[in-house]
Structures are given as C-alpha cells and as structure tokens.
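See below for the structure under consideration.
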Amino acid sequence: MGLRRAGRIGLRVLGGVFVLWAAATLTFFGLRLIPGDPAQAILGGPGSQASAEALAAVRAEYGLDQSIWAQYGLYFSRLLGGDLGSSYSLRTPVSEVIGAQIGGTLLLAVLALAVAWAIALGLAVWSTRGGRVAGVVGSGLEIVAAAVPHFWLATVLVLIFSTTLRWLPAVSTQGPEGLVLPVLTLALPLAGFLGQVMRESVLDALDAPFVLSARARGEGESGVRWRHVLRHGALPGIALSGWAFGWLISGAVVVETIFARPGLGRTLLNAVQLRDVPLVIGVVLVVALGYVIMTVLTDAVSRVADPRLAVREREQERVS
Amino acid sequence: MTALIGAEADVRARGGDGGRMLGAAQWVAIAFLGLLLVAAVAPWLLAPGDPLAIDPGEAFLAPQWGHPFGTDESGRDIYTRVVHGAAPSLVIGVAATAIGIALALVLGLAAALGGRIVDFGVSRLLEVLFAFPGLLLALLVITVYGPGVVTSTIAVGLATAPGYARIIRSQTRSVAASPYVEAAVVLGRSRTRILSRHILPNAVVPVFVLVTLGVGQAIVWAAALSYLGLGAEPPAAEWGAMLFAGKNYLATAWWLTFFPGLAIVLSAAATTVLGRALQRRRPQ
Amino acid sequence: MSGGDETTGVGEVLVRVEGLRVGFGGGRSGFGARSRASERGPAVVDGVSFEVRAGRSLAIVGESGSGKSVTARALVGLVGPGSWVTADALEVDGISMLGASAAAWRRVRGGRIGLVVQDALVSLDPLRPIGREIADALRLHTTLSEAGRRARVEELLESVGMPEPRSRMRQRSGELSGGLRQRALIASALAASPALLIADEPTTALDSTVQAQILGLFETIKARGTGLLFISHDLAVVSRIADDVLVMRGGRVVEAGTVEAVLGDPRSSYTKALLRAVPAGVARGVSLVARGGSRVARGGSPVARGGSSGVDIPSESRPASASPTPARPTSASEGMSTPLLPGSGEARVTSASEGMSTPLLPGSGEAWVLEVAGVSKTFGGLGGRKAVDGVSLGVRAGTTVGLVGESGSGKTTVARIVLGLTAPDEGSVRLGGEAWVPGRERDRRARRASLGAVYQDALSSFDPRLTVQQILSDALRGQGSVEGLLEEVGLEARVASARPLQLSGGQRQRVSIARALAPQPSVIVLDEPVSALDVSIQAQILDLLDALQRERGVAYLFISHDLGVVQHMSDELAVMKDGRIVEQGPAASVFAAPSHAYTRALLAAAPVLRTREGGALAW
C-alpha cells in the first residue's frame, strides 16, 4: 500500500516534470514562428534603425547566430540553472523581473481563492435549503460564472464603491483597502463557478442514502449539513483548486491592468505588447510551474479526503 | 380523526423552484438571442443611425432621451454603436468557437477512437496545453502573430480547444465503452457500422450543447482581449473595442463602458442559460 | 432514553399504525409550492394499519411500487420532500405522533426506533470513520462522554459480529466488505438501544452466504427483545425471519396474518401468485406464472404459435438425435410439493436425467454448441487478480447450463470471454464445434449470429437514440419481421415505436431477449437476466425463456447469483468460486447431493421458502 502510494506520487511528479519540459519546448519553438529578425525586435522593432554592430552584439548575446538546436540546447541548459534570460525591453534578467512581481500576484490569487471558496461553499450549502430565493440564487450561479467577465465586474465595482460611494480606491494602492476590489473582481466569477459545482455535490449528498441514514439516527438539519453534507460539497472545490489557480493568474492579467496594480499579469501583458519573448516565456513557464504544483497538491489532498477516488481509479485501470 | 403529520424536515431546491424559474429564464434568453440576431443581420431596424457618425458638440452626453445609452468622446451615439456592434462581436464569438470545436473534435475523436498510442499522445498534449490556463495560451498566440481581430479570434479558438477536446474525448470514450456498443459487437456489426450508427451520433450530439455554451464564452474572451488592446481596435463598433476606448473615461463617463459591457454579459448569460437547458434536456 | 430492552416487556406494543396514508405532492404547481391539502397527489400508501410488538417481527412484503418502503419511512417521519402523511392513529410507545414537532421526531429516530435504510453499501458516510457514524447516535440520544461513547461503539460492533472492532471503527465504509458495512449500519441503528428496529431490504445487495449471516444477526437481535419491522420483496427471507406478515400491493394491504397463515395458506390471489412466482424448488419447465397444469406460455397467457414455428430454427442448432429438450414434468403438483433442500432429490431427477451420467466437460462427441476449455484471465497485469482460473464447461444444443456464484466469483468474466469481448490469457472457446476464442474479431463477425446475449441492465444495452423498431430491425438485418419477433416475446406491436427508456423493466428485458433471438442463435448467454426484476416479472421472463427454448431449441448459458432461479432453469449446473468451477454436473444431482463444501455452504445459506414447521407449502 505504502509502496503503491509512493509509486503513484512519483508518477505524478514525473508527469509534472514532463508537462513542464513540454511546455518550455512548445513555447520555445512556438515563439520562433515570429516573423522578422528577433535581434531587430530586441532593439525596438523594425522602425529603430539599429546599427549592424548593435544587431551583431545582440545576436551573440542571445545566441541567435547559432543553429536552432544549439539555441534550444542553450535555452534549456540555462533554464535548468534557473536562468530565464534577459528581458528585451527591460534589459534586466527575467528572473529578477519575475521575482519582483510574483509576490503581489500570488497574494492576489491566494486571497481571491480563499474568498471564492468561502462564498461558494456558503452559497452551496445555503442555496440548497429550499425556498424561492435560494433556488434562484442557486441557478443563477452558473450564469454569474460564465457571463460576468472581470473587466465588466471591475467596472461596475469601481462605479459603485469608488465613483459613487467613494469607499475604496479605484486604483490599487499599497494598503489593504487597495486589495479589496481586485480580490472581489477575481473572486466573484470563480465563486460562481465553484459554487455551482459544489451545489451539485451538496444536492447529490442530500439525496444520498447515508444522509437518510443520519436523519434516521436522529440527526437534525444542521447536523446533517455540518457533519455530512459540507464535506461532500467541499470535495469538488478541492479537486478544482489547481485549475482555479491557473484561472486566477489568467484573470490577474486583466485585473492588474484595470486596477493599475504591479504584478505578473501586467508584466505579461506589457511583454506581449512589446513582444518581449524572453519575458513572455519566463512568466508563462512560472505560471505553468505553479499550475503543475497546484494540480499535484490538490490531487494528493483530494485522495486523502475522499478514499473512494483510489478505488474508482483502480476500477478504471481494470476497464481500460 | 385523520390528522396531518408534520415532519417534512428536508425541503430542497433542485428541480423545484429553481427549475421552474429557469423555465421563464429560458424564454427570456431565447428572446434576447433573437433580438441579438436581428441586431447582427439588420441593425438598421433597431438603430437607424450611423455608428461612426461624429458630432463633437454632443460628446459625453449622459443617457437621456434621444441618446438612451449616452454618447462617447466624439459624440457618437452609444446605443447605435452597441446595436451595430452585435454583428462583429457575434461573428468573432462564432468563429472562435468554430475554430475551437473543430480542433477539439479532431483531437478528441482521435484520442478516443485512434487506439492507445494516439490517445496517449493527445492526452499528454492536452495536459501540456492545460498548463497555459485561460488567456495565457491566447496571449502566446498574440505574441507570435501580433494583435488584431483575426489573431485574437484565432487565439481564443485555440485557447478554448483543449477544454472542449477533453470533454469530447471522455464523452466519446464512454460511448465507445458503453454496453450498447458491446451489444452491437455481439450482434456482429462491423467497426465502421458501429462507429456511424452508435458511437458518432451519441458522442457528437452533446457537442451542440458545447457550441451553445461556447459562443457566449468566446464573446467574453475576445472582448477581454480587445479590452486589453490586443483585439479589435477603436473606432470599430465592436463591444470589446468600445470598452477599450471607454476605459479611460470610467470615472467621468461610466456609460461608455457600462453598456457595451452589459451587451457582452447578457449575450453570454443568454447562451449559457440556453446551453444548460439543452444539456439538461438530453436523455440519460 | 437508553435501554429499550429493559424498559419494554416482551409483547408490549411498540408502534401502532391505523389508516396510514402517504402521498407525494400535487405536482409542481406554482412557485415554492409546499403541497397544500387541496393539491395532494394520489396516495401511494392508502389505509395501512398494523402494530409491532416487542420481541416479535413483522414483515411487510411487496414488489416495487407497493409502498412498503414508504410505510417504513413514515414511521420515523422521513418520507421525504414534497410528501404528505395522514393517519387515524400513529403511536410510538403509546404516545401519539400525530402533529408531533420536528424535535419530537428526532428523539424517536434512533432513540426509540432504529432504521436500517435500503442500500446497505452506500448508507454510511463514505468520508467518515464508521465509529464516528455509530457514535453520532449515542451523542444524540445519550449523555455518554466521548470515552464512554467510544467504549460503547466497540461493544456494539462486537455485538453485531464485527471482527476486530477496535481497528475497524477507525475505517471508513469504503474499506469494508458489503457484509461488514451492513453490520456497521445495523450497529449504528441499534446504538441508542431503540425498542424497535426497522430494516428495509437489509440483505438485498448481499451475497447469499453473507445474507444468511445477517439474517442470523437479526434473529439474535429479536431474541434480545427488540421488535423488528422487516421490509422485503423476498418471500424466502421473510419466511425465515418473520412472525407476522403484511402483504402490500399498490399501497394497500392485501393480506395480513401470521407467517404460517399467510405463506402456508394464502387467501388472496395476489399472495398466491407471489408465492407461485418463486422459482426455487419448482421443477424445470413448469410455468411460474400459470402453474396449475398448463405449460409455459410466452406472454404470461397462453398464446398460440403460428405454423411457421419450426422453420426459423437453424438446423445446426437442433440436436441430431431425439427431442431438443428432455421430458419434463408437466404436472404442477410434482414440482411444488417438493422442498428445495438436499435430501429430496429423487422427486426432481426427471428434468435432466440424460445428463446424469455424462460429465459436463466437452469432448464426448455430442452436439455441443458451446465448449469452454481451460480459460483463464488475470486483470491488472503482473501480480493482478486472477478473475477466471482454468474454467471449462460445455453447453449442449437446446439445453441450459446454469453458472452460479457470488459476486466476484468471475462468472461475468466467463460470459465476456464466451462472447468474445474479453480475450482470455489461456484456454479456448469453441462455438458450434469450430474455433471461436481466441481469434480475430474480423473472423468471428460472420458467425456472431449463432451466439446471442442478454444482459442484466437491459436499458443500458440499448442505444438511447433508437426506438425498439430500430433496435430490432438492426438485429434482424432483414431476416424476419419486428412484429413477429415482438409477438414471440409477448409484446404488443405498438411497443415498436417506443424508446427503451419509456418501457418497464420487464418489457425492456423482453426486447433484449427479442434482440438476442433475432439472428436465430443456437446459444444465448444470459448474464443475470432477471436479477433487477420484481419476482412476478421475473417469473414471466423465466417462463418466456423456457418457452422460447422449447420452441426454438436454443441453448442457454444462464448466469446468476440466485440459486433458486438457476435451479429452476438449468439442466446442468456449474458452481463458481474465486474464478474456479468448484463443482459441476447435472443440476438435479448437484442440488440433491452437493459434493463440494462451498456448494453445500451456498445451498445452506440460500434462503428457502418454508413455514415454521418446516413442512411443504400447499395451497
């Protein structure tokens, strides 16, 4: 059993490493498709009229004068050493840029995930109590999740809380009050999505024989919800947290731009606009790394929380 | 005496009130999508004016009689622009969804039906693509090909494809492994016959639900790219571009961004409501 | 609140119900509608009255839709959302529960009445240790400290026969076998020492050997003075456990009385029909539906067959010699008066006498339609589980071989190997004397017509998009008419336009049989074909299968966990355990004189319909 579990975890980690390698390779070759001369792009695009010497120097610096495979080898050996190259536009090492920006984005993502979780679980449990309002809220979750984009939600929140009520700043400041609107903007649509999935799971649990069994034991309504249903509602939330993390980082691109907050998302957007390839690669790979770590983690947590997963997996192995 | 025994502790909302409300919501959604279609095909029926007509004297008018949604920085009527923006926004949404679903069908069906090796390859590819969550894949595509309407449409299509592919793969696999497919094998049907009679129809029909849900999503994503300045560009009457142009005036003229945003939200909500309803109606 | 056995004397009335009526809603009428009296739906339980006494057991018997489970749940106020419940009297311990508060009901649940709900396998929270689940009842109904509760849980688990209770109580239900889960569930219902224990189909999902143990446990519980209310569809189980019986149909009580009276001398025609439908102990070829002289007919009523009957039987499927089926007793009394249990074999030998001297193994030059030789299958790669281990058996034309075993014995894997759906690691299968498995599907395809299959879950074996017409014409491939096929399986022609989802369980299984028959196979593999059906529907399907075999001369490989069904259907029998066949031979002789210990255990565990005196049932 222990050996089997260790083997499983090892496989997952190996799979994660593969995904990272493939992601790095895909981005490397994908970005070679950019038309034009990369050295030219580094020096400010076709309009910059850089001198031949300057171009040559840049080519040497980035290894652009070598074969593509040599460049790939160079890129990878540097990558393994933690060297993501230098940003074309900022003229500083990519790892430094990312190091400076990652904290704010992680804070934003973690807070938003926590808020989304709390709202979702609360709504999932409350909206299954019955009654008209709860029912409407329940079925409204999926619409919120699917149809309210960050950019519009941010607009509305700013209109209400900054422009009209003047409670909170429209542009992110250093203090905690500057975090409220960005976190809410990120968290609400995610809460809609998680809430919808958790709600389904809560409803399934309420219909399950073990809940009838608990009621037959004399358990009251709140006992049923706290002791039994809540856990079942939380399970899909755990399983989806890896995905949610990636989704939040992607949302951070929009939210950091709107609220003029420094962070990975805005850095990425600027890099895309300037076609700063090393920086784009760097940020994307860091996000991929975070995604892989989160999925391995949530997978492990899910399996501890729900012993049925392992059984189901074994059955699937047998079928296929 | 017959007495009512009151002990109904568990009252729930699934299928009850919520389901009933959705019945009404579905009709609203269908009506809105109808209106959207009219706006896309014959916008002059709803808004006879010119969406690009400038009138500097009427700039930044708040919503009022004659300009129900107000005017923008150049005095263009926002209502007219929102109506005329339906066509490009819908076209972008539909085109991006078509690209995403087409790619997903190829990948998903190949993985589900192409044998172990193909499945392994496609599944790993999907795993890798999932490591570029949400907009990231789209941003990568735009880095390569530069911003613009066409690029952002393709980018959204590519970015949504892995998710669809995974759904199509698992749907097709479960159909292919279903007892009724086995029953057809036992009856001695050929592989092609089983594929065309049982597997493909049962696996592909749910894709229509995906398409319905997808169009709304694609409109939202494409608008997000436009909002970031990577998609359609002002002064085009496209919702995302209108948002991009209006975001600098958020504090002073909120209607510049609010109404195009509302159009996006309602379109996405309507397709979602309709898609979910279709999904529930499916047997099983 | 604790110690029901101390406070309640034997014979005291624990629960009294009079004129109980239960129904569900008035449909979805308007927003947020709680059903008002004026919009009530029809009653699913209509005027039921009974009482349960301490130390006695009452069994409510009925088929699905009879209202028996709803009745049981009404006693603890848990009928479910959108329901209405009325009664002239509903007393627990002499106290009326009419209009009782939610809190009063919670004190009754678990405290005075324990309920072992249906679906034993999923009735404990899979995310919590079973010890916690059981302790919940103690937390709610006693003042025991946490340590006291833990000690009591251990005691309880021990008393329900849980091995190693101290370590088991930390496990979650997924880590326990079905039998142990049921024991834990019973322990949780008994935890606060309720005076009455209600058990809703407590043995249905269990293997027969485990079922026997659980029934033994209930007898012990009853002996301790607890009253028992037993809900079951299984008359054999009821005859073993109950003192009194209530037969329900369509929400009404059809018959009530002591078990001897109701099962031994039933008054109502419905009870009689139910008893007749039990296949155990009924000789091969005797109709279950219309016993009383006539032979089995297709649709439950005798239907004359058209003149074309002999034509569509493929010549190779007819045994070269003699009649396709052995002579069978046609007199009903012969089969009925015979108890099932060992020691009474001589009355039953008739059904398969030719088979007696011949070993079941192929090779003796007879008309074998199906020969399985030494097949093995291991799942899960190296070190995996050997699901099937050296199984050999043969099916002669026009006869039935029963393959019986408990869950996990490998019988379904054998079926899949025979059908060419799972490739065996070793061994081979021959069909109609020619190589069949292993082989390429492409080569098998043309000969698939001679091998049919009927599955337990008929519904999932039909493409949900297709109508019955499409399903059957697909199977016929132009070789015959859908109407003819439907008529043959006792279905009306208008069924053709329906989708399987719209049909009842029995109708679906008939369509499934029709599909298997369409290519005119010489042998059909039936994998638990009646396990999902009510006993009266089961009887009709078994009768149909029997009639079809006689008319078409088709052979069956009949797979089931149910000894009674297999005994009634089989000429030859193979008993499987852990992937091996432990015993095989003519069905009558295996039942009469089982040679293997496992077969004996299986036979001993099988619930047998009997009255208290152990005598034969007669009516």
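In what follows, chains carry the letters A, B, and so on, assigned in the order in which the sequence lines appear, proteins first and then strands, with residues in each chain numbered from 1. All values below were derived from every heavy atom in this structure, side-chain atoms included, with hydrogens, water molecules and symmetry-related copies excluded.
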To the nearest 0.5 Å, tell me how far [X] [atom1] sits from [Y] [atom2].
X: B/W255; Y: A/L159; atom1: CH2; atom2: CG; value: 10.5 Å
X: B/I142; Y: A/Q273; atom1: CD1; atom2: CD; value: 9.5 Å
X: A/F151; Y: B/L225; atom1: CZ; atom2: CG; value: 9.5 Å
X: A/L268; Y: B/L136; atom1: CG; atom2: CG; value: 5.5 Å
X: A/D276; Y: B/T143; atom1: CG; atom2: OG1; value: 9.5 Å
X: A/L26; Y: B/L140; atom1: CG; atom2: CG; value: 8.5 Å

Inset, instruction - Kindly check if the number of other-residue, nucleotide or ligand heavy atoms within 6.0 Å of CZ (B/F120) is above 12? - result: no
Inset, instruction - Decide if atom CZ of B/R166 counts as having more than 12 heavy atoms of other residues, nucleotides or ligands within a radius under 6.0 Å. - result: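 Open: at most 12 neighbouring heavy atoms sit under 6.0 Å from CZ of B/R166.
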[X] side chain near [Y] side chain, heavy-atom distance below 4.5 Å:
X: A/T155; Y: B/W254; answer: no
X: B/V128; Y: A/W21; answer: no
X: B/F130; Y: A/Y291; answer: yes
X: B/P133; Y: A/V287; answer: yes

Proximity breakdown for [X] and chain A, heavy-atom pairs closer than 4.5 Å:
X: B/T272; value: side chain
X: B/L139; value: both
X: B/A270; value: neither

Legend entry - A/W152 and B/F258 aromatic ring geometry - parallel, tilted or perpendicular at 30°/60° bounds: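 Plane angle between 30° and 60°, so tilted.
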Inset, instruction - Select, from B/G261, B/A138, B/A268, the one with the greatest count of heavy-atom pairs under 4.5 Å involving chain A. - result: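 Maximum pair count with chain A is reached by B/G261.
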Legend entry - Results of ring pair (Phe, Tyr, Trp, His ring centres under 6.0 Å) for A/F28 - residues two or more places apart only: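 Checked A/F28 against ring pair (Phe, Tyr, Trp, His ring centres under 6.0 Å); matches are A/Y72, A/Y75.
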Which atoms of [X] are under 4.5 Å from chain B, going by heavy atoms: the side chain, the backbone, both sets, or neither?
X: A/L153; value: neither
X: A/T27; value: side chain
X: A/V224; value: neither

Inset, instruction - Among the options A/V283, A/I258, A/V211, A/T295, pick out the one with the most heavy-atom pairs lying under 4.5 Å from chain B. - result: A/I258
Legend entry - When A/V272, A/V19, A/V280, A/I281 are compared by non-hydrogen pairs under 4.5 Å with chain B, the top option: A/V272
Inset, instruction - Check for a donor-acceptor pair, side chain of A/S250 on one end and backbone N or O of B/L135 on the other, with a separation under 3.5 Å. - result: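 Judged by distance alone, yes, a pair lies under 3.5 Å.
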Inset, instruction - Using the side-chain contact (heavy atoms from CB on, under 4.5 Å) rule, take B/L137 and A/V284 through it: C-alpha gap first, then chi angles, then the decisive distance, then the call. - result: CA-CA 9 Å; B/L137 200 56; A/V284 164; over 6 Å; no
Legend entry - For B/R124, side chain to side chain donor-acceptor pair (under 3.5 Å) partners two or more places apart: B/E127
